[in-house]
Amino acid sequence: MAQLIGRNIAKFILLMIAISIVTFVLVGISPIDPVQANVGQTAYASMSDEQRAQLASYWGANTPLWERYLNWLGALLQGDMGTSLRFNAPVTEVLANRSLNTLVLMAVAWILSGIIGLLMGIVAGIKQGTLIDRIIKGYCFVLASTPTFWLGLIVLMIFAVWLGWFPIGFSAPIGKSAADITIFDSIHHMILPALTLSVVGVANVALHTREKTIDIMESDYIRFAQARGLTRLQAERKHGLRNLALPAISLQFASISEIFGGSVLVEQVFSYPGLGQAAVTAGIGSDVALLVGITLVSAAIVFGGNMIANILYRIIDPRIKRGGDAL
């Protein structure tokens, strides 16, 4: 276990360095002028050449890319992630304010999509070829081909505009002080984004779980259990769930990256103040410091999910540990 954790730490450091370099390069070759994007076209046009040069020097627009990266890396090693141009605040402060909303939203969507997808996949696999199986497969195929932003707009239109059951957007009531906002207000504003985001991840989990369930139900030990008088559901519950655990864990933790990508669109549709919305703002404004910070945080979340999955593999199935030690 110590060797596994040590290898993962080394991979994590290399991953963070590679991601930061790629992000800097992509933002550096972007056609967006950070000075004009943050000042505004009208104000930028009214400035003199000296004022434009001063702003470009202040924001480092004319500094070579490699020099900007080394300056940023040196500051990062001292605990400084830079200052966001769009929010006019330290990147760490912006990340701290936005991360909680996104992490709560992702956690709720991740749990719901995993539970619903797993249950739907097991039912479809046990009821293979029946009407229930066809309904679940059709539902999953429709979900898999539905754009996240379009689904969010439909949900927003029906439940917020037409029915008026939920607020149109944001994470708290408008005009209400932070001291007066209750946890019920936050949950009320989070329901629609979380449901939309969870629905996106259901299809992949359900379809893969269905195929694995079918394979298990056709195995010899399940047939032997049925020959002893157990029903398909009882045989699956007593003998098949353990074999479903590993692929379910793999799919669930692999879906973290998909859910995070979907959160970018969902937060934009529902005007939900999180990392996804901040990433769009940083990209439009060529805010490299904030964009790199968000990228590193998102990569750390995905990497952490995969590392937890690897550790759980060894706990659930000791054969993986023995096979890894033999190598």
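Along the sequence shown, residues are numbered consecutively beginning with 1. Keep in mind that what you see is a predicted model, and the values were worked out from it rather than measured.
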Exercise. State, yes or no, whether a side-chain contact exists between Y69 and V25 at a heavy-atom distance under 4.5 Å.
Key: no
Practice problem: Give the minimum heavy-atom separation between F270 and G152, together with the two atoms involved. | Solution: CZ-O, 3.7 Å
Quiz item: Cluster partners of I135, using ILVMFWY side-chain heavy atoms under 4.5 angstrom, listed by chain and number?
Solution: L131
Quiz item: If Ile, Leu, Val, Met, Phe, Trp and Tyr residues are connected whenever their side-chain heavy atoms lie under 4.5 Å apart, and connections chain through other members, are L265 and V142 in the same group?
Solution: no
Exercise. Evaluate the side-chain proximity of I136 to R210: yes if any heavy-atom separation is below 4.5 Å, no if none is.
Key: no
Practice problem: Calculate, to the nearest 0.5 Å, the distance between atoms NE2 and NZ belonging to H208 and K212 respectively. | Solution: 12.0 Å
Quiz item: Would you call the rings of F303 and F12 parallel, tilted or perpendicular if under 30° counts as parallel and over 60° as perpendicular?
Solution: tilted
Quiz item: Going hydrophobic residue to hydrophobic residue with side-chain gaps under 4.5 angstrom, can you get from M190 over to V161?
Solution: yes
Quiz item: Can you tell if the side chain of F87 reaches within under 4.5 Å of the side chain of T281, non-hydrogen atoms only?
Solution: yes
Practice problem: Might you point out which heavy atoms bring M16 and A300 nearest each other, and give the distance in Å? | Solution: CE-N, 4.0 Å
Self-check item: With sequence neighbours excluded, residues passing side-chain hydrogen bond (donor to acceptor under 3.5 Å, both in side chains) with S84
Solution: D287
Practice problem: Rounded to the nearest 0.5 Å, what's the gap from CD1 on I301 to CG on L296? Could you check? | Solution: 11.5 Å
Quiz prompt | T295 to L291 - nearest heavy-atom pair and separation | solution = OG1-O, 2.7 Å
Exercise. Measure the spacing between CG of L76 and CG of N71 and express it to the nearest 0.5 Å.
Key: 12.5 Å
Quiz item: Roughly how far, to the nearest 0.5 Å, is OG1 of T83 from CG of L290?
Solution: 10.5 Å
Quiz item: Do you know which two heavy atoms are closest between L197 and S263, and how far apart they sit?
Solution: CD1-N, 3.5 Å
Quiz item: Hey, is the main chain of F184 close enough, under 3.5 Å, to the side chain of H188 for a donor-acceptor pair?
Solution: no
Self-check item: R134 side chain to G129 backbone, donor-acceptor under 3.5 Å
Solution: yes
Self-check item: Rounded distance (nearest 0.5 Å) linking atom CD1 of I154 with atom OG1 of T146
Solution: 10.0 Å
Quiz prompt | Crowding at CG, L163 (>12 non-hydrogen neighbours, <6.0 Å) | solution = yes
Self-check item: Single-linkage hydrophobic cluster, 4.5 Å side-chain cutoff, W72 and L14 together
Solution: no
Quiz item: Hey, what do you get for CG (L118) to OG1 (T213), rounding to the nearest 0.5 Å?
Solution: 7.5 Å
Quiz item: Between the side chain of T130 and the main-chain N/O of K127, is any donor-acceptor distance below 3.5 Å?
Solution: yes
Quiz item: Can V292 and F24 be said to form a side-chain contact (heavy atoms from CB on, under 4.5 Å), step by step?
Solution: CA-CA 7 Å; V292 172; F24 258 87; 3.7 Å; yes
Quiz item: With a 4.5 Å limit on heavy-atom distance, are the side chains of H189 and F166 in contact?
Solution: no
Quiz item: Which atom pair, heavy atoms only, marks the closest approach of V91 to M81?
Solution: CG2-O, 3.6 Å
Exercise. May I ask whether I158 and L143 are part of the same hydrophobic cluster, defined by side-chain heavy atoms of I, L, V, M, F, W, Y residues being less than 4.5 angstrom apart, directly or through others?
Key: yes
Quiz item: Are V266 and I259 connected, step by step, through hydrophobic side chains (Ile, Leu, Val, Met, Phe, Trp, Tyr) whose heavy atoms are closer than 4.5 Å?
Solution: yes
Practice problem: Might you point out which heavy atoms bring I294 and A279 nearest each other, and give the distance in Å? | Solution: CD1-N, 3.5 Å
Side-chain polar contacts of residues 94-117 - donor-acceptor pairs under 3.5 angstrom, sequence neighbours left out - could you list them?
from : atom 1 : to   : atom 2 : distance (Å)
N97  : ND2    : E93  : O      : 3.1
R98  : NH1    : Q277 : OE1    : 3.2
S99  : OG     : L95  : O      : 2.4
N101 : ND2    : P273 : O      : 2.8
T102 : OG1    : E267 : OE2    : 2.9
T102 : OG1    : L275 : N      : 2.6
W110 : NE1    : Q252 : O      : 2.7
S113 : OG     : A109 : O      : 2.9
S113 : OG     : W110 : O      : 3.0

